[in-house]
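Comments concern the structure below.
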Amino acid sequence: MPELPEVELAAAIARRVAVGRTITSVTVRHPAQRRALPARDARSLRGERVIAVERRGKAQHFRLASGRDLCVHFRMTGDWLLPGPGPLPPAVRVVITLDDGARLALDDPRALSVVSLCAPGTGASLGPDALDPALTAGHLAQALASRRIPIKVALLNQAVIAGIGNIYASEALWRARIDPRIPAKRIPPARLADLLRAIRATLNAALRRQERYFGQNSAAADAGRFAVYDREGERCRRCGGRIKRITQAARSTYFCDKCQGR
DNA sequence: CGCGACCTGCAT
DNA sequence: ATGCAGGTCGCG
């Protein structure tokens with residue numbers, strides 16, 4: 001479940017568990033994960049103190065006392081789990097044990113997550129974080145000025161703006177009443193300002209929702225979660241139009257063609 | 001640019 | 001059985 005809001009919450013959990021603690025072991029339990037974090041690297045983390053856990057876009061960075069950086073990316077299905085005693089759930093791929101006995105477990109059924117020691121400077125290709133207050137519509141305009149790709153596809157490009165994924169790209173465009181198919185460079189500055197506000201409102205609302213329903217998997221938590229995502233054929237809650245699904249860059253885009261601009 | 005690869009589980 | 005999934009990289 002990992003776009004920016006989900007990762008922000010996950011990072012908060014990791015922070016609470018790990019910051020100020022020393023790692024006593026890192027265990028890797030899936031061959032695919034071992035490629036990114038070989039046994040040697042995992043071993044080298046023993047005795048490392050965690051200074052901070054930061055989030056940039058969808059990536060988490062454990063800043064370590066030695067100056068190294070343990071990077072975690074959940075990709076499609078990763079999440080942190082705080083396992084109790086006893087056997088670990090089957091999809092736990094990596095376990096970080098801290099000196100107070102607490103365990104931070106990477107739970108990822110698809111095993112596409114990446115945990116690795118990354119060199120400083122990695123992530124330079126990331127654009128500004130979507131919730132960074134320093135990000136302005138002007139920056140966005142500049143980043144999009146030369147791109148004729150559809151705006152929805154541009155929003156998924158983490159080099160343009162970091163943290164937006166397939167769900168919230170559709171949701172933010174709906175909120176800003178922008179047609180996802182419009183070439184990015186053709187959106188006027190004033191509309192980009194609307195879009196940036198819509199992105200922030202969408203991500204912040206999702207964040208609040210996360211906190212409110214933390215740990216629950218109830219129907220209440222899902223009700224009304226998305227305005228358009230995964231609602232093909234249903235009614236637009238704003239104008240009553242039919243929600244459409246199209247494919248862009250091999251991914252589903254949802255939008256209302258009645259109230260999302262020409 | 002689009003598309004397969006990386007992985008697994010789930011709905012149809 | 002098939003196709004799809006909230007991400008990203010690397011290929012043609």
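Lettering of chains follows the sequences in order, A, B, ..., and the numbering in each one begins at 1. The structure presented is a predicted model; accordingly, all values stated were derived computationally and were not measured.
For the pair A:Q248 CD and C:dA5 C1', the computed distance is 17 Å after rounding to whole Å. Atom pair A:D79:CG and B:dT8:C1' shows a separation of 16 Å (rounding to whole Å applied). The CD1 atom of A:I246 sits 17 Å away from the C1' atom of C:dC4 (whole-angstrom rounding). A:D108 has its CG atom 11 Å from the C1' atom of B:dC6, to the nearest Å. Rounded to whole Å, the distance from CZ on A:R231 to P on C:dG6 is 17 Å.
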Can you give me the N/O atom pairs linking the protein to nucleotides 7-10 of chain C at distances under 3.5 Å, or say none if there are none?
from: C:dG7; atom 1: OP1; to: A:K58; atom 2: NZ; distance (Å): 3.0
from: C:dG7; atom 1: OP2; to: A:N166; atom 2: N; distance (Å): 3.0
from: C:dG7; atom 1: OP2; to: A:R251; atom 2: NH1; distance (Å): 3.0
from: C:dG7; atom 1: OP2; to: A:R251; atom 2: NH2; distance (Å): 2.9
from: C:dG7; atom 1: N2; to: A:R75; atom 2: NH1; distance (Å): 2.8
from: C:dT8; atom 1: OP1; to: A:H73; atom 2: NE2; distance (Å): 2.7
from: C:dT8; atom 1: OP2; to: A:K58; atom 2: NZ; distance (Å): 2.8

Listed pairs under 3.5 Å, donor-acceptor, residues 89-96 of chain A side chains, sequence neighbours left out:
from: A:R93; atom 1: NE; to: A:A91; atom 2: O; distance (Å): 3.4
from: A:R93; atom 1: NE; to: A:D108; atom 2: O; distance (Å): 2.8
from: A:R93; atom 1: NH2; to: A:D108; atom 2: O; distance (Å): 3.3
from: A:R93; atom 1: NH2; to: A:P109; atom 2: O; distance (Å): 2.8

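Salt bridge annotation for A:R63-A:E54: present, with a cationic side-chain nitrogen under 4.0 angstrom from a carboxylate oxygen. In summary, A:R56 and A:D129 do not engage in a salt bridge, as defined by a charged side-chain N under 4.0 Å from a carboxylate O.
Ring-centre distance between A:W174 and A:Y229: not below the 6.0 Å cut-off.
Regarding contacts with the backbone of C:dG6, every side-chain N or O of A:Y168 stays at 4.0 angstrom or more from both OP1 and OP2. When the side-chain nitrogen and oxygen atoms of A:S252 are compared with OP1 and OP2 of C:dA5, one or more of them lie within a distance under 4.0 Å.
Looking at A:R75 and A:S113, their side chains never bring a donor and an acceptor atom within 3.5 Å of each other. Side chains of A:R103 and A:T97: a donor-acceptor N/O pair is absent below 3.5 angstrom, by distance only. A donor-acceptor pair shorter than 3.5 Å cannot be found between the side chains of A:E171 and A:T202.
Without hydrogens or angle criteria, A:K258 side chain to A:C236 main chain gives no donor-acceptor distance under 3.5 Å.
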* Test salt bridge (charged side-chain N to carboxylate O under 4.0 Å, His left out) applied to A:E48 and A:R68, step by step -> CA-CA 9 Å; A:E48 273 278 26; A:R68 296 192 297 170; 3.2 Å; yes

* Just the dot-bracket of DNA chain B, please: which string comes out with Watson-Crick or G-U pairs under 3.5 Å, [ ] for crossing, | for another strand? -> ||||||.|||||

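Residue contacts shown for A:A250 are absent, as no nucleic acid heavy atom lies under 4.0 Å away.
When the P atom is used for both B:dG9 and C:dC9, the distance is 24 Å, rounded to whole Å.
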